[in-house]
Trainee: 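Once you've had a glance at the structure underneath, I'll fire off some questions.
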Amino acid sequence: MVDHLESGYYPSIRLRRMRADSFSRALMRESTLRVDDLIQPLFVREGNNKSEPILSMPGIERLSIDRIVRKCRDLQNLGIRSVVLFPVIPQEIKSDDAGQAWNPNGLVQRTISAIKDKVPEIGVMTDVALDPYTANGQDGLVDDSGYVVNDLTVEALIRQSLSHARAGADVVAPSDMMDGRICGIRKALEDEGFFNLRILSYAAKYASSLYGPFRDAVSSASNLGESTKDSYQMDPANSEEALRETALDIKEGADMVMVKPGTPYLDVVWRIREAFGMPTFAYQVSGEYAMLKAASQNGWIDEQSVVLETLLGFKRAGCHGVLTYFAEQAAQWLNP
Ligand code: PBG
């Protein structure tokens, strides 16, 4: 027998009372996951009517521009309102100076125009970083010793951002982690009259081992080889540094800030949301997707309930939205 006097507030307080029925559980629910919260990353490739599976990301494909446009229509019908584009650049046009990154007729630039032409209401976000375009797979330009140089890279990122803006992008999302790039990009956008072009900064992007399937998807893994991105992406051990990174990006003119990867970094999301109250996002990255898919396909976890639980976790941690390869699927689950 429980001694009621010895046990404090029990039984006047029983937290299980509110959990007893579905209606009262619903009434006290603090976080909700809506289709509006989801941003779909898309891999675009050259060609016509092409779709090519990515082995380490079951269910995700590299799509040619015509198929991307169709995909955007489907996503819009499901209620998804924004996409982020990642290009698969043919090896033969990758180079040391990443010049294709700002080609006005490049793959990303043509994709942006095609989407804005055919599905204008969907928000088009673009990745700003050089890794799909560099022969060495690094996000920036390197010197003779292989070190990724900051300021020259920022100049290249500015050219890349302007080319996306001119093609009609709604949001540029610098994922490169160079110092000062938000400030440089913001100033260049203002100078060209792109006053409302939003910047989603990958403010706290970690040097994570969870990007492996993505590097397969955009075929940069072989370019990178044994090299790492440790000299610019953040050490997974740090979160004070994430606050400093984020504070700077906000001062430099970011409209939205993002943490990447997602689930292992929810503490960082929470600290950033609490500290700045900014529109805050997280990226559930390719390795997270691959792990969830592999376990689901083996029948070891229930895909729908586990994935929706992970996505709700982002909301509870303070995210306004999530970039996730599950966006399309989750939209179908949420609004069957
Ligand atoms: C490149 C970039 C990467 C991802 C998004 N943009 C890879 C990297 O930094 O090496 C990873 C996304 C994912 O794993 O899903 N700047």
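Atoms within each ligand, like the ligands themselves, are counted from 1 in listed order.
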Trainee: Starting from atom 2 (C) of ligand 1, locate the nearest protein heavy atom and write down its residue, its atom name and how far away it is, to 0.1 Å.
Mentor: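 Minimum-distance protein heavy atom for atom 2 (C) of ligand 1 reads Lys205 NZ, 3.3 Å.
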Trainee: Does Lys260 reach ligand 1 with a nitrogen or oxygen that is under 3.5 Å from one of the ligand's nitrogen or oxygen atoms?
Mentor: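 Such a contact does occur with ligand 1.
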Trainee: Mind telling me whether Phe281 and His320 have parallel, tilted or perpendicular rings, with 30° and 60° as the class edges?
Mentor: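 His320 vs Phe281 ring planes: tilted.
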Trainee: Does NZ or CZ of Lys229 come closer than 6.0 Å to the centre of the six-membered ring of Tyr232, within 45° of the ring's axis?
Mentor: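 No cation-pi geometry.
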Trainee: In this structure, would Leu312 and Trp270 fall into the same cluster of hydrophobic residues linked by side-chain contacts under 4.5 Å?
Mentor: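 No, it is not one cluster - the side chains of Leu312 and Trp270 are not joined through contacts under 4.5 Å.
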Trainee: Using 30° and 60° as the class limits, which term best fits the ring planes of Phe86 and Phe214: parallel, tilted or perpendicular?
Mentor: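 Perpendicular: the ring planes of Phe86 and Phe214 meet at over 60°.
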Trainee: Does Gln284 reach ligand 1, in the sense of a heavy atom lying below 4.0 Å from it?
Mentor: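 Gln284 does not count as a contact of ligand 1 under the 4.0 Å cut-off.
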Trainee: Which atoms of ligand 1 sit under 4.0 Å from any heavy atom of Lys229?
Mentor: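 Checking each atom against Lys229, I get 8 (C), 9 (O), 10 (O).
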Trainee: Run the contact test for Tyr325 against ligand 1 with a 4.0 Å cut-off on heavy atoms, strictly below, and give the result.
Mentor: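 Contact check Tyr325 vs ligand 1: positive.
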Trainee: For atom 12 (C) of ligand 1, which protein heavy atom lies nearest, and how many Å away is it?
Mentor: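 For this ligand atom, the closest protein heavy atom is Phe214 CD1, 3.3 Å.
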Trainee: At under 4.0 Å between heavy atoms, which part of Ala129 makes contact with ligand 1: side chain, backbone, both or neither?
Mentor: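 Looking at Ala129 and ligand 1, just side chain atoms fall under 4.0 Å.
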Trainee: Atom 14 (O) of ligand 1: which protein heavy atom is closest, and how many Å away?
Mentor: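 Result for atom 14 (O) of ligand 1: Ser286 OG, 2.7 Å.
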Trainee: Find out whether the Lys NZ or Arg CZ of Lys205 is both under 6.0 angstrom from the six-membered ring centre of Tyr283 and within 45° of the ring's axis.
Mentor: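 Because its charged atom misses either the 6.0 Å distance or the 45° angle limit, Lys205 does not stack over Tyr283.
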Trainee: To the nearest 0.5 Å, what is the distance between CZ on Arg34 and CG on Leu311?
Mentor: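 With rounding to 0.5 Å, CZ (Arg34) is 13.5 Å from CG (Leu311).
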Trainee: Among all protein heavy atoms, pick the one closest to atom 1 (C) of ligand 1 and tell me residue, atom and distance.
Mentor: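 Checked against all protein heavy atoms, atom 1 (C) of ligand 1 sits closest to Asp131 OD2, 2.9 Å.
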Trainee: Going by heavy-atom distance to atom 16 (N) of ligand 1, choose the closest among Ala290, Ser175, Gly137.
Mentor: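 The residue whose heavy atom sits nearest atom 16 (N) of ligand 1 is Ser175.
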Trainee: Under 4.0 angstrom from ligand 1, any heavy atom of Asp127?
Mentor: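 Yes, that is the case, since the closest heavy atom of the residue is under 4.0 Å from the ligand.
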Trainee: With respect to Gln284, which candidate in Leu38, Leu323, Thr310 satisfies the side chain to side chain contact (heavy atoms under 4.5 Å, CB included) definition?
Mentor: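 Exactly one option meets the side chain to side chain contact (heavy atoms under 4.5 Å, CB included) with Gln284, and it is Thr310.
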Trainee: I need the Arg62 CZ to Phe43 CZ distance, nearest 0.5 Å.
Mentor: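 Rounded to the nearest 0.5 Å, the CZ-CZ separation comes out at 8.0 Å.
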Trainee: Need the ligand 1 atom indices (1-based, order shown) with element for anything under 4.0 Å from a heavy-atom of Asp139.
Mentor: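 What qualifies from ligand 1 is 1 (C), 16 (N).
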